[in-house]
Amino acid sequence: MRVLFMGTPDLAAECLRAVYEKEGVEVIGAVTQTDKPKGRGMKMIAPPVKVFAEEHGIPVWQPQTLKDGAFEETLKELDPDLIIVVAYGKILPPYVLEYPKYGCVNAHGSLLPKYRGAAPIQRAIIEGETVTGITSMYMDDGIDTGDMILKLECPITDEDNFGTLHDKLAVLAGEAMCMTIDRMNDGTITREKQPDDGANYAAKITKEDSVIDFTKSPREVFNQIRGLSPMPYAMTRTPDGKLLKFTSAEVPGAEESDAEPGTVLSVDGGKIKIACGGGVLNVTGVVPEGKKPMPAADYIRGRKISAGDLLKYE
RNA sequence: CGCGGGGUAGAGCAGUCUGGUAGCUCGUCGGGCUCAUAACCCGGAGGUCAUGUGGUUCAAAUCCCUUCCCCGCAA
């Protein structure tokens, strides 16, 4: 089967790997976003899918847009039987969706119809979900609204953060795509319309999402911290105005405090105990401004923080 | 050349403005106390202060300059 792969970030690259290594599948090309200037010095960074593809001799296309005729020509030359799309980042016009005889399938990082959109993994953790997964579906002209083919579930534990869950889902996404291809081959593939009930959107993570509101419950802040770790991290500011990001935390038993939310209650035992709405939270890992991630114990040793400090953004 | 912070002992930091024999909290090693301990007490090791036969000086971690590396912000 001639497969054209379209995707951009790490999760897509992992999925591409799975499909690439699958028997009977020929990945005839990879379409990904253009290189973009990123980071300090605005250096050009190649998307992970491009990196993988080039390492394995897969031809790469990085069209600025799919809306003009240029890509349509390419598509006809490639003549794929199936197009797999994973986190590509551009809307596919109808001529692309309709071209392959096996259609365009997509792997999405949630159990649809929940968490459609850009940041399903982070949002699921932030919202305190205990289970999520990968949904394989046929694409239509909406955002993650296509008919569903299969779902693979994945539990979310208290030990999970965005990083660990992302890695698990990346593997599942690869499996989901391989299973989808198998079902196409043996004719057992099915399609199920997404129910309207329970549908919602997982909006892109913005800066506002990473600012911590200590008036929220310890559990909510905990979910925010791990949902944004290791990227971009939940953050606040120290009394001297420096940014302080939290990489990890724990919710201790039922402890209460009537201190103002955001107040550092103690720094004993290598943990920063902070007053939140209706309880306390122990922060165990931080990233000080201009520094690398470090255990809270190290940060405390440098005496950058002490009981009584009020953490507050702005 | 987008803006900014930083590179001092294994870790995290102070000291730099106002040059004058390198310090703190830990870790580590040895000893002590203890039924016991990640607790406590005593003692020790460990640093060319990123780089440069660089500059200034009687004297540079500290002032000036070079190069390299790390990080945050912004996109």
Side-chain angles (χ1 to χ4, degrees), chain A residues 7-13 32-51 62-65 87-91 117-119 121-122 126 159 161-163 166 202-214 221 224-253 255 262-274 280-314:
Chain A
T8 302
D10 284 315
L11 189 129
T32 189
Q33 294 270 22
T34 52
D35 292 6
K36 288 189 175 158
K38 269 194 154 190
R40 268 178 301 281
M42 304 295 276
K43 289 180 281 257
M44 296 299 274
I45 300 295
V49 163
K50 179 184 182 182
V51 174
Q62 297 177 282
Q64 197 67 242
T65 176
Y88 173 51
K90 286 189 192 297
I91 304 290
I121 307 176
Q122 294 97 319
I126 292 170
E159 284 70 46
N161 61 26
F162 171 51
H166 168 279
K204 195 169 67 175
I205 299 293
T206 67
K207 185 168 188 166
E208 285 66 49
D209 291 308
S210 57
V211 174
I212 297 172
D213 175 1
F214 289 106
V221 177
Q224 179 185 8
I225 290 171
R226 63 202 186 98
L228 299 178
S229 177
M231 186 64 166
Y233 290 129
M235 62 178 177
T236 185
R237 284 186 191 280
T238 50
D240 60 3
K242 293 271 177 61
L243 274 184
L244 184 64
K245 301 182 175 185
F246 294 161
T247 62
S248 59
E250 2 173 281
V251 179
E255 288 187 45
T263 301
V264 175
L265 301 173
S266 80
V267 293
D268 301 330
K271 296 170 183 175
I272 305 168
K273 189 182 288 286
I274 301 172
V280 303
L281 183 72
N282 286 334
V283 173
T284 56
V286 304
V287 185
E289 182 173 327
K291 293 295 185 178
K292 296 181 182 181
M294 65 178 74
D298 282 357
Y299 184 64
I300 293 164
R301 252 179 236 118
R303 296 152 180 232
K304 291 294 192 180
I305 194 167
S306 53
D309 287 350
L310 179 63
L311 302 176
K312 193 175 186 179
Y313 195 82
E314 290 179 310

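What you see is a predicted model; the values in this text were computed from it and never measured. Chain A is the first sequence line, chain B the second, and so forth, proteins listed ahead of strands; every chain is numbered from 1. Computation of the quantities below employed the complete heavy-atom set of this structure, encompassing side-chain atoms and omitting hydrogens, waters and symmetry-equivalent molecules.
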Residues two or more places apart in sequence or in another chain: which of them pass side chain to side chain donor-acceptor pair (under 3.5 Å) with A:Glu208? A:Thr206

Partners passing side chain to side chain donor-acceptor pair (under 3.5 Å) against A:Asp35 (at least two apart in sequence or in another chain): A:Lys50, A:Gln62

Categorize A:Lys242 for me: base, sugar-phosphate, or nothing, with a 4.0 angstrom heavy-atom threshold over every strand shown. nothing

Select base, sugar-phosphate, or nothing to describe what A:Lys36 touches, counting heavy atoms under 4.0 Å on all strands. nothing

Partner of [N] by Watson-Crick or G-U wobble geometry, both contacts under 3.5 Å, or none?
N     : value
B:A36 : none
B:G4  : B:C71
B:G46 : none
B:U66 : none

Can you tell me how far [atom2] of [N] sits from [atom1] of [X], to the nearest Å?
X        : N     : atom1 : atom2 : value
A:Asp35  : B:A75 : CG    : C1'   : 16 Å
A:Asp298 : B:C71 : CG    : P     : 17 Å
A:Tyr299 : B:C71 : OH    : P     : 19 Å
A:Asp240 : B:G5  : CG    : P     : 14 Å

Taking side chain as C-beta onward, heavy atoms only, is A:Leu310 less than 4.5 Å from A:Val264? no

Salt bridge (charged side-chain N to carboxylate O under 4.0 Å, His left out) partners for A:Asp209, two or more places apart: A:Arg123

Shortest side-chain distance from A:Lys207, nucleotide among B:G72, B:G6, B:A74: B:A74

Can you figure out which of B:C70, B:G6, B:C73 approaches the side chain of A:Lys291 most closely? B:G6

Just list the side-chain donor-acceptor pairs under 3.5 Å for residues 229-249 of chain A, sequence neighbours left out, or say none.
{"from": "A:Ser229", "atom 1": "OG", "to": "A:Thr247", "atom 2": "O", "distance (Å)": "2.9"}
{"from": "A:Thr236", "atom 1": "OG1", "to": "A:Lys312", "atom 2": "N", "distance (Å)": "3.4"}
{"from": "A:Arg237", "atom 1": "NH1", "to": "A:Gly241", "atom 2": "O", "distance (Å)": "3.0"}
{"from": "A:Thr238", "atom 1": "OG1", "to": "A:Asp240", "atom 2": "OD1", "distance (Å)": "2.4"}
{"from": "A:Thr238", "atom 1": "OG1", "to": "A:Lys242", "atom 2": "N", "distance (Å)": "3.4"}
{"from": "A:Thr238", "atom 1": "OG1", "to": "A:Lys242", "atom 2": "O", "distance (Å)": "3.2"}
{"from": "A:Asp240", "atom 1": "OD1", "to": "A:Lys242", "atom 2": "N", "distance (Å)": "3.2"}
{"from": "A:Thr247", "atom 1": "OG1", "to": "A:Gly285", "atom 2": "O", "distance (Å)": "3.2"}
{"from": "A:Ser248", "atom 1": "OG", "to": "A:Thr284", "atom 2": "OG1", "distance (Å)": "2.7"}
{"from": "A:Ser248", "atom 1": "OG", "to": "A:Gly285", "atom 2": "N", "distance (Å)": "3.3"}

If you assign each of A:Met235 and A:Met294 to its closest nucleotide in RNA chain B, which residue comes earlier from the 5' end? A:Met294

Restricting both atoms to N or O, compile the protein contacts to nucleotides 24-27 of chain B shorter than 3.5 Å, with distance only.
{"from": "B:C24", "atom 1": "O2'", "to": "A:Arg303", "atom 2": "NH2", "distance (Å)": "2.8"}
{"from": "B:U25", "atom 1": "O4'", "to": "A:Arg303", "atom 2": "NH2", "distance (Å)": "3.3"}
{"from": "B:C26", "atom 1": "O2'", "to": "A:Arg301", "atom 2": "NE", "distance (Å)": "3.0"}
{"from": "B:C26", "atom 1": "O2'", "to": "A:Arg301", "atom 2": "NH2", "distance (Å)": "3.1"}

Determine which pairs satisfy salt bridge (charged side-chain N to carboxylate O under 4.0 Å, His left out) with at least one residue from residues 291-303 of chain A, sequence neighbours left out, and list them in order. A:Asp298-A:Arg301

